[in-house]
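Please read all numbers here as calculations on a predicted model, not as lab measurements.
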Amino acid sequence: MCDQSSYFDVVVVGGGHAGAEAAWAASRLLGDRGTVAMITMDPAAIGRMSCNPAIGGLAKGQMVREIDALGGLMAHAIDATGIQFRLLNASKGPAVQSPRAQADKYRYARIVQHLLMENCPNLAIIADIAEDILVDPARHGDGPVYSVRGLVLKSGRQLTCRCAVLTTGTFLRGLMHTGEKKTQGGRVGEQAAVGLSGALIKLGFELQRLKTGTPPRVARESINFSNLEPQYGDNPPRPFSDLSTTEDSPLGVQFPSLTQVPCHITYTNPTVHEFIRANLHRAPMYSGQIQSRGPRYCPSIEDKVVRFADKSQHQIFLEPESLDTNEIYCNGIATSLPVDVQEQVVHHIAGLEKAVILRYGYAIEYDFAPPYQVGYSLETHRVTGLFFAGQLNGTSGYEEAAGQGLIAGINAAMKIRGDTSFTLRRDQAYIGVMIDDLITKVPTEPYRMFTSRAEYRLTLRSDNTDQRLTPLAAQIGLAEPGRIRRLENKLAAMQRLQYELQTLRIPGGGTAMDLLRRPDLELSALSTMLGEDGPRFTNLLADISTRAYIEQIQIEARYAGYILREKHAAERMVELEDKLLPAGLNFKGITELRTEARQALEKFRPRTIGQASRLEGITPADLMVLTLHLGSRRQNPKAVDNKITADDSG
């Protein structure tokens with residue numbers, strides 16, 4: 001939907017996964033009390049999957065579930081368009097189990113567009129490019145330098161706004177590389193955004209460069225699948241959204257709504273590796289053509305061959321991109337090698353000997369703003385009302401972008417409403433872990449979420465996201481009534497189940513709850529151990545929702561000691577987070593601190609002792625000095641402030 005208005009409360013720049021969540025959250029929170037616009041080069045590209053045709057994965061799946069629990073849209077879109085659903089690490093502990101789904105990527109983009117256009121009546125979608133940021137001087141003092149006033153578009157149109165959310169993805173001065181060939185653009189067939197980088201630099205923001213890449217796509221009918229290992233999804237599949245199997249789903253579709261299909265596995269080999277080594281001088285990452293860093297944990301195939309020279313093969317997942325096209329995504333061989341080398345590489349892989357390459361792999365370099373320049377709400381320090389989200393903050397991945405977009409969109413709306421900002425702690429959500437990591441460290445490579453980054457990962461499981469986060473969404477008005485009602489019903493049902501499990505008796509003594517605590521016991525085996533109460537337990541497992549509740553009860557019973565330990569650790573962390581640092585505190589004037597500590601504190605501007613403790617270069621001794629300084633400041637604020645002023649003047 002287009003709009004010729006010149007004023008909007010919130011303007012979102014970009015229509016990727018971060019932009020979609022930001023627009024969704026802001027428009028739904030403001031409702032008929034505000035207006036939101038999305039600026040995008042091509043409305044038909046909103047929600048487009050630029051790289052892999054999948055949502056979720058290790059730790060990423062938890063983030064998608066968190067987005068859903070908070071009222072976001074990503075889980076709705078993947079549940080409606082998923083063509084294979086799997087729980088990764090199902091044989092391992094619950095802390096590292098993560099849902100993942102292959103998507104029909106074309107349907108996925110259309111569903112995202114449908115959700116925005118049909119469920120957000122106050123949202124205007126404008127086909128244009130943001131070129132400049134209009135600002136006014138902010139108040140004097142140690143706060144923001146500017147306040148956002150609006151945007152100038154490439155068409156010459158000016159928009160006035162109170163808040164702007166930038167979700168520029170890989171489009172800021174995007175430069176694509178395939179061998180020696182370089183092409184300006186943010187994606188294949190789409191132009192780069194150039195003016196906005198200059199606008200940010202003019203406002204005093206620091207910009208750096210990062211790199212990511214994508215593999216070739218091949219035609220399905222040209223692949224020999226006969227000797228390849230199939231990989232099937234779970235049966236039955238489990239949805240990402242808690243609403244997808246209920247009448248409260250905003251899409252009203254049955255889950256799963258699409259045909260479920262397998263992926264296939266193949267491998268590189270020594271011949272492939274030799275082709276790559278022989279042509280490294282033509283690879284942009286090794287010829288010096290690309291200077292920026294790519295994602296360490298999702299490296300190109302040329303990187304794998306160099307860094308893991310002892311390995312004779314690397315796994316490749318052949319993933320369908322759609323039910324309606326013949327495109328197969330070769331997950332595992334992202335590359336920027338020249339076209340002729342890519343042909344040799346692909347055609348020497350088992351099953352791909354006669355493969356027709358539909359699109360060659362490429363690398364892309366783009367601008368990002370090191371995220372020490374934003375706070376926990378993702379509002380920038382320099383410009384009040386201006387928010388950054390997604391790859392602009394140095395992250396990699398749809399899920400990381402969507403999580404940030406949701407938080408930025410929420411906080412833009414909260415600012416318009418005059419409410420306090422909405423933030424998440426590390427013990428509350430993977431999204432909180434990600435944002436804390438971003439603003440306490442300067443990324444030297446695209447940030448990717450892993451379960452190992454979360455110290456409370458046994459608490460931050462995918463099965464309890466609604467219990468952790470839906471009450472928070474309800475407080476700000478983003479949780480739908482059906483979602484709140486479903487959570488209340490779930491908690492009541494789990495309470496009833498816990499009572500019933502205590503009444504199911506084992507012949508000879510003990511209860512079903514006692515058996516659930518045993519680490520080596522499968523649920524399916526429990527029925528036979530319960531004797532005459534076994535059929536009652538079997539009937540409970542027959543219902544998919546009840547089974548999921550019992551599985552959660554089992555996890556919490558089995559790991560009760562570890563969960564309690566995490567809870568106590570989180571409580572200690574919260575105590576540090578409650579120790580606020582005064583706004584505008586002059587760290588340079590605390591001469592008792594080491595120079596490295598003063599520089600880190602001045603650069604990152606932590607808001608609490610807890611956040612300061614996680615900064616690179618900060619030692620326990622520095623924290624002690626900082627705590628003592630705050631105590632002195634409280635006892636005699638005038639003397640402390642005078643000392644700092646005197647130190648600074650010299």
Side-chain angles (χ1 to χ4, degrees), residues 141-144 371-381 384 407 411 414 419-442 453-457 459-460 468-469 471-472 475-476 564-645 647-648:
D142 296 315
Y372 69 83
Q373 300 170 106
V374 302
Y376 277 94
S377 68
L378 299 183
E379 185 176 20
T380 64
H381 298 312
T384 183
I407 297 301
N411 281 304
M414 300 289 274
D419 296 331
T420 56
S421 60
F422 178 84
T423 59
L424 294 170
R425 300 189 310 268
R426 296 182 70 90
D427 64 306
Q428 291 178 308
Y430 271 93
I431 296 173
V433 173
M434 170 180 63
I435 293 175
D436 185 69
D437 282 349
L438 289 174
I439 66 179
T440 57
K441 300 170 181 64
V442 176
R453 295 190 188 274
E455 58 270 52
Y456 308 110
R457 56 185 176 272
T459 305
L460 305 182
R468 290 188 275 121
L469 299 175
L472 301 180
Q475 289 174 15
I476 63 174
L564 184 63
R565 187 184 306 170
E566 283 193 0
K567 181 182 177 182
H568 290 160
E571 288 170 351
R572 291 193 294 272
M573 182 192 76
V574 170
E575 290 177 6
L576 291 177
E577 300 300 333
D578 286 341
K579 294 181 179 178
L580 296 175
L581 295 169
L585 179 61
N586 191 339
F587 296 107
K588 290 186 291 188
I590 308 176
T591 55
E592 297 86 355
L593 285 170
R594 297 174 305 113
T595 300
E596 182 184 2
R598 289 200 302 272
Q599 291 172 344
L601 291 165
E602 193 65 31
K603 180 174 185 177
F604 289 97
R605 307 294 310 172
R607 68 175 189 176
T608 69
I609 291 289
Q611 186 183 347
S613 72
R614 295 187 292 276
L615 296 180
E616 293 177 353
I618 299 298
T619 67
D622 296 324
L623 294 175
M624 181 65 72
V625 170
L626 193 57
T627 302
L628 290 172
H629 174 80
L630 292 178
S632 300
R633 183 187 176 99
R634 281 191 292 270
Q635 292 175 15
N636 192 356
K638 186 174 181 180
V640 173
D641 287 343
N642 285 343
K643 177 181 182 298
I644 290 176
T645 303
D647 286 344
D648 286 348

K.L.:
With rounding to the nearest 0.5 Å, note down the distance linking CD1 in I609 to CG in L626.
P.N.:
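Here the rounded value is 4.0 Å.
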K.L.:
State, yes or no, whether a side-chain contact exists between R572 and L576 at a heavy-atom distance under 4.5 Å.
P.N.:
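No, their side chains stay 4.5 Å or more apart.
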K.L.:
Could you report the tightest heavy-atom contact between P606 and L581, atom names first, then the distance?
P.N.:
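Shortest heavy-atom separation between P606 and L581 comes out as O-CD1, 3.4 Å.
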K.L.:
Does anything in residues 571-593 pair up under ring pair (Phe, Tyr, Trp, His ring centres under 6.0 Å), and if so which pairs, sequence neighbours excluded?
P.N.:
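Sorted pair list comes back empty.
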K.L.:
Can I407 and I435 be said to form a side chain to side chain contact (heavy atoms under 4.5 Å, CB included), step by step?
P.N.:
CA-CA 10 Å; I407 297 301; I435 293 175; 4.0 Å; yes
K.L.:
I want to check something: taking the side chain as every heavy atom from C-beta on, are D622 and T619 in contact at a cut-off of under 4.5 Å?
P.N.:
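In short, these two side chains touch, coming nearer than 4.5 Å.
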K.L.:
Residues two or more places apart in sequence or in another chain: which of them pass side chain to side chain contact (heavy atoms under 4.5 Å, CB included) with R468?
P.N.:
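With neighbours one apart ignored, the set is E66, A429, L460, N464, T465.
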K.L.:
Among residues at least two apart in sequence or on other chains, which ones pass ring-ring contact (aromatic ring centres under 6.0 Å, His included) with Y372?
P.N.:
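For Y372, the residues satisfying ring-ring contact (aromatic ring centres under 6.0 Å, His included) (neighbours in sequence not counted) are F604.
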K.L.:
What pair of heavy atoms forms the shortest contact from Y456 to A569, and how long is it?
P.N.:
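Scanning both residues completely, I find the closest heavy atoms to be OH-O, 3.6 Å.
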K.L.:
For E602, check salt bridge (Lys or Arg N to Asp or Glu O under 4.0 Å) against everything at least two apart and list the hits.
P.N.:
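Here the qualifying residues are R605.
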K.L.:
Which pair of heavy atoms, one from I590 and one from H629, lies closest together, and at what distance?
P.N.:
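Between these two residues, the closest heavy atoms are CD1-CD2, 3.6 Å.
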K.L.:
Would you check, one step at a time, whether the test side chain to side chain contact (heavy atoms under 4.5 Å, CB included) holds for T459 with K567?
P.N.:
CA-CA 8 Å; T459 305; K567 181 182 177 182; over 6 Å; no
K.L.:
Would you please name every residue forming a side-chain hydrogen bond (donor to acceptor under 3.5 Å, both in side chains) with T608, sequence neighbours left out?
P.N.:
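With sequence neighbours excluded, T608 shows a side-chain hydrogen bond (donor to acceptor under 3.5 Å, both in side chains) to E577, given in chain and number order.
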K.L.:
Could you pull out all residues at least two apart from E379 that satisfy side chain to side chain contact (heavy atoms under 4.5 Å, CB included)?
P.N.:
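With sequence neighbours excluded, E379 shows a side chain to side chain contact (heavy atoms under 4.5 Å, CB included) to S377, T384, F387, K415, given in chain and number order.
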K.L.:
Look only at the side chain of E592 and the backbone of V625, and say whether a donor-acceptor pair between them is shorter than 3.5 Å.
P.N.:
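Checking the backbone N and O of V625 against the side chain of E592, no donor-acceptor pair under 3.5 Å is found.
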K.L.:
To the closest 0.5 Å, what do you measure between CZ (R607) and CD1 (I439)?
P.N.:
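Between atom CZ of R607 and atom CD1 of I439 there are 7.0 Å.
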K.L.:
So, using side-chain hydrogen bond (donor to acceptor under 3.5 Å, both in side chains) as the criterion, who are the partners of E596 when residues are at least two apart?
P.N.:
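Counting only residues at least two positions away or on another chain, E596 forms a side-chain hydrogen bond (donor to acceptor under 3.5 Å, both in side chains) with R594.
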K.L.:
Give the C-alpha distance, both sets of side-chain angles, the deciding distance and a yes or no for side chain to side chain contact (heavy atoms under 4.5 Å, CB included) between R457 and Y430.
P.N.:
CA-CA 8 Å; R457 56 185 176 272; Y430 271 93; 3.4 Å; yes
K.L.:
From L585 CG over to L580 CG, what is the distance, rounded to the nearest 0.5 angstrom?
P.N.:
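Reported value, rounded in 0.5 Å steps: 12.0 Å.
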K.L.:
List the residues meeting side-chain hydrogen bond (donor to acceptor under 3.5 Å, both in side chains) with T420, not counting sequence neighbours, and say none if there are none.
P.N.:
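Residues passing side-chain hydrogen bond (donor to acceptor under 3.5 Å, both in side chains) with T420: none at all.
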K.L.:
Measure the OG1-CZ distance between T440 and R614 for me, rounded to the nearest 0.5 Å.
P.N.:
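Here the rounded value is 6.5 Å.
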K.L.:
Ignoring hydrogens, what is the shortest heavy-atom contact between V433 and A454? Give both atom names and the distance.
P.N.:
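Shortest heavy-atom separation between V433 and A454 comes out as CG2-CB, 4.1 Å.
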K.L.:
Tell me the closest heavy-atom pair linking D437 and R426, and the distance in Å.
P.N.:
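Answer, listing the atom of D437 first, then R426: OD1-NH1, 2.8 Å.
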K.L.:
Less than 4.5 Å apart, any side-chain heavy atom of P144 and any of T380?
P.N.:
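No, too far: nothing below the 4.5 Å cut-off.
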K.L.:
Please round to the nearest 0.5 Å and tell me the distance separating atom CE of M573 and atom CD of E566.
P.N.:
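The CD atom of E566 is 11.0 Å from CE of M573, to the nearest 0.5 Å.
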K.L.:
What's the separation between atom OG1 in T423 and atom CD1 in I431, rounded to the nearest 0.5 Å?
P.N.:
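T423 atom OG1 to I431 atom CD1 measures 12.0 Å (nearest 0.5 Å).
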K.L.:
Once side chain to side chain contact (heavy atoms under 4.5 Å, CB included) is applied, do any residues pair with S613, and if so which ones, sequence neighbours excluded?
P.N.:
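For S613 the side chain to side chain contact (heavy atoms under 4.5 Å, CB included) partners, ignoring immediate neighbours, are L623.
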K.L.:
Could you work out, with side-chain hydrogen bond (donor to acceptor under 3.5 Å, both in side chains) as the rule, every residue matching Q611, not counting sequence neighbours?
P.N.:
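Here no residue qualifies.
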K.L.:
Which atoms form the tightest heavy-atom contact between L615 and A600, and what is the distance?
P.N.:
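Here L615 and A600 meet closest at CD1-O, 4.1 Å.
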K.L.:
According to side chain to side chain contact (heavy atoms under 4.5 Å, CB included), who are the partners of Q428, at least two apart in sequence or on a separate chain?
P.N.:
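In terms of side chain to side chain contact (heavy atoms under 4.5 Å, CB included), with neighbours along the sequence ignored, Q428 is linked to L424, R425, L472.
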